[in-house]
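Everything below concerns the one structure shown next.
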Protein chains: 2
Amino acid sequence: MKGCADNLKDQEPSKNEYLCVHEDVVDKVTAAMPPDEILYDLAELFKIFGDTTRIKILYALFESELCVGDIAQLLGLTQTAVSHQLRVLKVNKLVKFRKEGKIVFYSLADDHVRRIINQGMEHVEE
Amino acid sequence: MKGCADNLKDQEPSKNEYLCVHEDVVDKVTAAMPPDEILYDLAELFKIFGDTTRIKILYALFESELCVGDIAQLLGLTQTAVSHQLRVLKVNKLVKFRKEGKIVFYSLADDHVRRIINQGMEHVEE
DNA sequence: CTTTCATATGAATATCTGTTCATATGATAT
DNA sequence: ATATCATATGAACAGATATTCATATGAAAG
């Protein structure tokens, strides 16, 4: 059967030992890859959703705007923990907020957040 | 202006100190929350997408099925690193594979993966 | 059946990340 | 002004995780 060690022509002397590489396919795929920076940002975005606390916060905000204390009570977390995570969500523009006296009300920044979570939900509910 | 310390009726003596809580809203939102297990699974799903290496692998598989060596070459990673991440993707059913002799070809498991990544992309490209 | 190739796995390490504790800020009453 | 309330922030610690190194598996070729 066809092996792969024939393709050892112009292999770069990288840290990689000699690999099984189908050059034509690799070249085609390389051309179609988005720039590294985009893929990095994409991973960073998903990383934010990839935490139980933050997902719960976001999901709670699906229903209604909430203040920090509401969220803490709702999810059984400390005020500090919630505040820290809200900061992450805020910095990454996934939530917005308005102030009313001492109280700060948070809500979802836009509909992208909803759509991303819903798309994930479809995969989980199977 | 309206504060929040009036709502100190039946506060559970939890680890939380006394919080600003709007009970009515919290009750409504609590009722609408999916079970914890679902939200945990959802976070776990996004966590998988939340890594540059894995996102790159998945994106590469958008175009074509690839063997381990192809992916390593394409992304400038070691065979071992790729293999470890493919294992994660395989266990979580985001990729499938077929064997041809010693070579193992990986591909996307289903269209959910595409849709989730594309949805994230829309948010990043702004 | 021994060697080589392609991939997989295990242990160790270093980095990253989330929570807690203590404290700071900023706003509103008294 | 001062006390209290709601939230924010900083440092420290613990747990999770991705890469590397060394080695194992499993398939084909000689």
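Proteins come first, then strands; the chains are lettered A, B, ... in the order of their sequence lines, and each starts at number 1. Quick caveat: nothing in here was measured; it's all calculated off a predicted structure.
- Taking the ring centroids of A:Phe105 and B:His22, they lie under the 6.0 Å cut-off.
- By the neighbour-count criterion of 12 heavy atoms within 6.0 Å, atom CD of B:Glu126 is densely surrounded, having more than that number from other residues, nucleotides or ligands.
- The nearest whole Å value for the distance from the CD atom in B:Glu100 to the C1' atom in C:dT7 is 15 Å.
- Of the inter-residue distances, the one linking A:Leu39 atom CG with B:Ile55 atom CD1 reads 7.0 Å to the nearest 0.5 angstrom.
- A cation-pi arrangement is found for A:Arg114 relative to A:Phe62, the charged atom lying closer than 6.0 Å to the ring centre and inside a 45° cone about the ring normal.
- Dashed line: the shortest gap from a side-chain N or O of B:Tyr106 to OP1 or OP2 of C:dA8 is under 4.0 Å.
- B:Lys99 has its NZ atom 11 Å from the C1' atom of C:dA6, to the nearest Å.
- When the C1' atom of D:dA24 is taken as reference, atom NZ of B:Lys102 falls 16 Å away, rounded to whole Å.
- Taking every heavy atom of residues 40-64 of chain B and every atom of DNA chain D, pairs under 4.0 Å involve B:Lys47, B:Asp51, B:Thr53, B:Arg54, by number.
- Look at CG on B:Leu89: it is 14 Å from P on D:dT17, rounded to the nearest Å.
- Residue B:Gln73 contributes atom CD, which lies 16 Å from atom C1' of C:dT7 at whole-angstrom precision.
- Proximity of B:Leu94 to B:Leu45: side-chain heavy atoms (C-beta onward) are separated by under 4.5 Å at one or more points.
- Enclosure of atom CZ in A:Arg87 is not indicated, since only 12 or fewer non-hydrogen atoms of other residues, nucleotides or ligands lie within 6.0 angstrom.
- Sorted pairs that involve residues 74-96 of chain A and meet ring-ring contact (aromatic ring centres under 6.0 Å, His included), not counting sequence neighbours, are lacking altogether.
- Using a 4.0 Å cut-off between a side-chain N of Lys or Arg and a carboxylate O of Asp or Glu, A:Lys56 and B:Asp36 qualify as a salt bridge.
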Pick out the pairs of N or O atoms, protein on one side and nucleotides 9-15 of chain D on the other, that lie under 3.5 Å.
unit_1 : atom_1 : unit_2  : atom_2 : d
D:dG10 : O6     : A:His84 : NE2    : 2.9

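- Residue B:Ile103 places its side chain closer to C:dT7 than to any other of C:dA8, D:dT7, C:dT7.
- The residue among B:Ala81 and A:Val68 whose nearest nucleotide of DNA chain D lies closer to the 5′ end is A:Val68.
- For the pair A:Leu19 CG and C:dC5 C1', the computed distance is 11 Å after rounding to whole Å.
- Residue contacts shown for B:Phe97 are absent, as no nucleic acid heavy atom lies under 4.0 Å away.
- Residue B:Lys93 qualifies as open at atom NZ: its count of foreign heavy atoms under 6.0 Å is 12 or below.
- Atom CD1 in A:Ile71 sits about 9 Å away from atom P in D:dA8, given to the nearest Å.
- Residue contacts shown for B:Phe105 are absent, as no nucleic acid heavy atom lies under 4.0 Å away.
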